[in-house]
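What's counted below: heavy atoms across the whole structure, side chains too, no hydrogens, waters or symmetry copies.
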Amino acid sequence: VQVGQTSQASATTLDANGIALTGRSVTWSSSNAAVAAVSGTGLVTTLTAGTAAIIATSEGKNGSAILTVTPVPVATVTLNPTAASIVAGSTQQLTATTKDSNGNVLTGRTVTWSTSDPAIATVSTSGAVTGVAPGGATITATSEGQNGTASITVIPVPVASVTVVLNPTSITVVGTSQASATTLDASGGTLTGRDVVWSSGNTA
């Protein structure tokens with residue numbers, strides 16, 4: 001049975017020839033009360049996953065049955081957030097919540113993580129997503145055969161500053177000079193492949 005469910009135990013008392021005896025007093029006990037408790041009528045209530053022997057005693061003789069208690073199965077897995085945009089090179093932490101069929105949160109369940117495209121975004125065993133390159137990827141969390149997903153959009157590192165170099169820096173009227181621009185991120189690292197639009201502060 002699953003954790004939280006009950007099971008009714010029944011005992012039959014027998015004589016030395018295997019003939020059933022009626023009207024005999026029976027007391028009940030559990031070999032592992034942390035897993036399953038049993039009432040005076042043999043009603044077993046499960047508490048946590050594991051095994052326990054349910055023991056019936058009558059006139060100094062014992063009989064027992066082994067009860068296996070299984071965890072409540074995972075019915076759904078949900079991720080938070082379900083969608084996120086992150087800058088390439090940065091990390092977003094996702095969390096997975098496992099629930100049973102009644103929507104109750106289940107704790108202590110094993111969750112495995114995967115990504116649809118590791119070239120776009122990777123994910124650690126704890127659900128930390130790191131953007132690798134611009135694009136989209138789906139992050140999946142799996143527990144007991146049930147999946148939850150989150151959509152991740154990786155955006156380019158934004159341009160923080162632009163430096164311009166002229167060659168030469170001084171020219172005569174009607175002369176020409178070649179300007180080149182370098183795009184930089186907030187840490188001063190060079191960014192490549194960025195569009196640059198040119199203008200003059202004094203077109204005269």
Side-chain angles (χ1 to χ4, degrees), residues 1-13 26-58 62-155:
V1 297
Q2 295 175 6
V3 172
Q5 293 180 332
T6 60
S7 180
Q8 181 62 54
S10 60
T12 302
T13 53
V26 175
T27 58
W28 295 94
S29 62
S30 170
S31 68
N32 191 343
V35 171
V38 60
S39 72
T41 60
L43 181 63
V44 180
T45 301
T46 58
L47 303 173
T48 188
T51 59
I54 304 303
I55 304 164
T57 302
S58 182
N62 297 325
S64 66
I66 300 299
L67 181 71
T68 300
V69 183
T70 60
V72 177
V74 172
T76 61
V77 180
T78 55
L79 298 189
N80 183 40
T82 57
S85 294
I86 60 175
V87 175
S90 67
T91 298
Q92 169 74 51
Q93 180 65 52
L94 301 182
T95 58
T97 302
T98 53
K99 296 182 179 180
D100 63 18
S101 58
N102 294 319
N104 299 312
V105 174
L106 302 172
T107 59
R109 303 306 168 94
T110 299
V111 176
T112 58
W113 297 85
S114 62
T115 175
S116 64
D117 193 343
I120 299 297
T122 61
V123 61
S124 72
T125 56
S126 62
V129 179
T130 300
V132 177
T138 299
I139 304 301
T140 302
T142 302
S143 182
E144 298 179 16
Q146 304 302 317
N147 298 323
T149 60
S151 298
I152 298 297
T153 301
V154 181
I155 59 177

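In this structure, CD1 on I86 lies 11.5 Å from CD on Q93, to the nearest 0.5 angstrom. Atoms CG and OG1, from N147 and T78 in turn, are 12.5 Å apart once rounded to the nearest 0.5 Å. The structure places CD1 of I152 at 5.5 Å from CD1 of I139, a figure rounded to the nearest 0.5 Å.
Nearest approach of A88 to V132, heavy atoms of both residues: CB-O, 4.1 Å. A75 and S101 make their closest contact through CB-N, 3.4 Å (heavy atoms, listed as atom of the first residue, atom of the second, distance). Here the closest non-hydrogen pair linking V26 and A56 is CG1-CB, 3.7 Å. For S143 against R109, the heavy-atom pair with the smallest separation is OG-CB, 3.8 Å. Shortest non-hydrogen contact noted between A36 and S30 is O-OG, 2.7 Å. Between A150 and L94, the closest heavy-atom pair is CB-CD1, 4.0 Å.
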Original post:
Between V105 and T98, does a side chain to side chain contact (heavy atoms under 4.5 Å, CB included) hold up when you go through it step by step?
Top reply: CA-CA 6 Å; V105 174; T98 53; 5.6 Å; no

**OP:** Any chance you could lay out the side chain to side chain contact (heavy atoms under 4.5 Å, CB included) test for W113 and T122, step after step, and finish with the verdict?
**Re:** CA-CA 10 Å; W113 297 85; T122 61; over 6 Å; no

**OP:** Just do the side chain to side chain donor-acceptor pair (under 3.5 Å) check on T130 and T91 with the steps written out, would you?
**Re:** CA-CA 4 Å; T130 300; T91 298; 3.2 Å; yes

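Remark: side-chain polar atoms of S116 are paired, donor with acceptor, to backbone N or O of T138 under 3.5 angstrom. A donor-acceptor pair under 3.5 Å links the side-chain atoms of D100 to the main chain of N102, judged by distance alone. Without hydrogens or angle criteria, T82 side chain to L79 main chain gives no donor-acceptor distance under 3.5 Å. A donor-acceptor pair under 3.5 Å is formed between the side chain of E144 and the backbone N or O of V74.
The shortest distance between side-chain heavy atoms of V1 and L67 falls below 4.5 Å. L106 is listed as a side-chain neighbour of V72, based on a closest heavy-atom distance under 4.5 Å. Side-chain contact between T46 and V35 is absent, with no heavy atoms from C-beta onward closer than 4.5 Å. Counting heavy atoms from C-beta on, the side chains of Q146 and P73 never come closer than 4.5 Å. Taking the side chain as every heavy atom from C-beta outward, T6 and V44 never approach each other to under 4.5 Å. In this structure, the side chains of V123 and T115 come closer than 4.5 Å at one or more pairs of heavy atoms. A heavy-atom distance below 4.5 Å is found between the side chains of I54 and W28.
Residues forming a side chain to side chain donor-acceptor pair (under 3.5 Å) with T140 (at least two apart in sequence, or on another chain): none. Residues satisfying the side chain to side chain donor-acceptor pair (under 3.5 Å) criterion with T57, sequence neighbours excluded, are N62.
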